[in-house]
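Let me begin by presenting the structure, written as C-alpha cells, before commenting on it.
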Amino acid sequence: QVQLVESGGGLVQAGDSLRLSCAASGRTFSSYIMGWFRQAPGKEREFVAVINASGGRTYYADSVKGRFTISRDNAKNTVYLQMDSLKPEDTAIYHCAACSYCPGYASPKQYPYWGQGTQVTVSS
C-alpha cells in the first residue's frame with residue numbers, strides 16, 4: 001500500500017508556471033506507475049500524464065503535451081508535474097495516483113491509490 005500527498009498548487013496568471021509534487025510513503029514507490037489527473041468543477045476526472053516505474057517512459061494528454069512535464073525521483077519517493085504556459089482551462093484540482101499494473105493508464109479506474117489533491121487556479 002502507498003499513501004500520496006500532493007503539494008505545490010496555487011493561484012497563478014495565464015502563462016505562468018507551477019511545479020506540483022507528490023510525496024509517497026512506503027518502500028516500494030519505485031515499483032509503482034505514477035499518474036497525474038485533474039478534475040474541474042462539474043467535470044469528470046481526466047488524465048494528465050503518467051510515468052513508468054523507472055521514469056524512462058512518459059505519456060501525456062494532448063491538452064498538456066509540450067507544456068507539462070512529469071518526472072520522478074525514486075530516491076525521494078516523489079513524482080513531479082512541471083506545468084508551464086498555464087492556461088485558464090488548466091484550472092482544476094490535481095491528483096496524483098499510483099498503480100502496480102495499469103494497462104489502461106489513462107483511466108482513473110486503473111489506479112487504486114490516490115492523493116487528496118491540490119488546487120491549481122489560473123486566472124486570465
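As the structure is a computational prediction, the values presented were derived from the model and not from experiment.
Taking the ring centre of Phe37 as origin, the terminal cationic atom of Arg45 falls outside the region bounded by 6.0 Å and 45° from the ring axis. For the pair Arg72 and Phe29, the distance from NZ or CZ to the six-membered ring centre is under 6.0 Å and the angle to the ring normal is within 45 degrees.
Among pairs with a residue in residues 46-76, none fulfils disulfide (SG to SG under 2.5 Å), at least two apart in sequence or across chains. A disulfide (SG to SG under 2.5 Å) check over residues 34-73, counting only residues at least two apart or in different chains, returns nothing.
Remark: Thr121 pairs with Gln119 by the side-chain hydrogen bond (donor to acceptor under 3.5 Å, both in side chains) rule, at least two apart or across chains. Contacts of Asp16 classified as side-chain hydrogen bond (donor to acceptor under 3.5 Å, both in side chains), with partners at least two apart in sequence or in another chain: none.
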Using distance only, find each side-chain donor-acceptor pair of residues 6-13 under 3.5 Å and give its atom names and separation, not counting sequence neighbours.
unit_1 : atom_1 : unit_2 : atom_2 : d
Glu6   : OE1    : Gln116 : N      : 3.1
Glu6   : OE1    : Gly117 : N      : 2.8
Glu6   : OE2    : Cys96  : N      : 2.8
Glu6   : OE2    : Gly117 : N      : 3.3

Name the atoms and distances for all side-chain donor-acceptor pairs under 3.5 Å in residues 101-112, with sequence neighbours left out.
unit_1 : atom_1 : unit_2 : atom_2 : d
Ser107 : OG     : Lys109 : N      : 3.3
Tyr111 : OH     : Tyr105 : O      : 2.7

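Arg57 places no side-chain N or O within donor-acceptor distance of the main-chain N or O of Asn52, the cut-off being under 3.5 Å. For Ser63 (side chain) and Ala61 (main-chain N/O), no donor-acceptor pair under 3.5 Å exists by modelled atom type. The backbone N or O of Val2 lies less than 3.5 Å from no partner atom in the side chain of Ser25, so there is not a single donor-acceptor pair.
The two atoms that bring Thr91 and Ala40 nearest to each other are O-CB, 3.7 Å, heavy atoms only. Between Ala53 and Ser30, the shortest heavy-atom distance links the atoms CB-O, 3.2 Å.
Clustering ILVMFWY residues whenever any of their side-chain heavy atoms sit less than 4.5 angstrom apart, transitively, puts Val5 in a cluster other than the one holding Leu81. The hydrophobic clustering, which links ILVMFWY residues whose side-chain heavy atoms are closer than 4.5 Å, places Met83 and Tyr59 apart. By the criterion of side-chain heavy atoms lying less than 4.5 angstrom apart, applied directly or through intervening Ile, Leu, Val, Met, Phe, Trp or Tyr residues, Tyr80 is not grouped with Val120; the two fall into different hydrophobic clusters. With hydrophobic clusters built from ILVMFWY side chains whose heavy atoms lie under 4.5 angstrom apart, Val79 does not share a cluster with Trp114. Hydrophobic clustering places Ile51 together with Tyr113 (ILVMFWY residues linked when any side-chain heavy atoms are closer than 4.5 Å, directly or through intermediates).
Between the OG1 atom of Thr78 and the CG atom of Leu20 there is a distance of 12.5 Å, given to the nearest 0.5 Å. Taken from OH in Tyr32 to OG in Ser100, the straight-line distance is 4.5 Å, to the nearest 0.5 Å. Remark: Arg67 CZ to Lys65 NZ distance equals 12.5 Å, nearest 0.5 Å. Atoms CE and CG, from Met34 and Asn74 in turn, are 9.5 Å apart once rounded to the nearest 0.5 Å.
Side-chain contact annotation: Tyr94 with Arg38, donor-acceptor N/O pair under 3.5 Å present. Between Asp84 and Ser17, the side chains place a donor N or O and an acceptor N or O closer than 3.5 Å (distance only, hydrogens not considered).
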Any chance you could lay out the salt bridge (Lys or Arg N to Asp or Glu O under 4.0 Å) test for Asp90 and Lys87, step after step, and finish with the verdict? CA-CA 5 Å; Asp90 294 319; Lys87 303 176 181 180; over 6 Å; no
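Screening Val64, Val48, Val50 for a side-chain contact (heavy atoms from CB on, under 4.5 Å) with Trp36, the sole residue that qualifies is Val48.
At most 12 heavy atoms of other shown residues, nucleotides or ligands fall within 6.0 angstrom of atom CD in Gln3.
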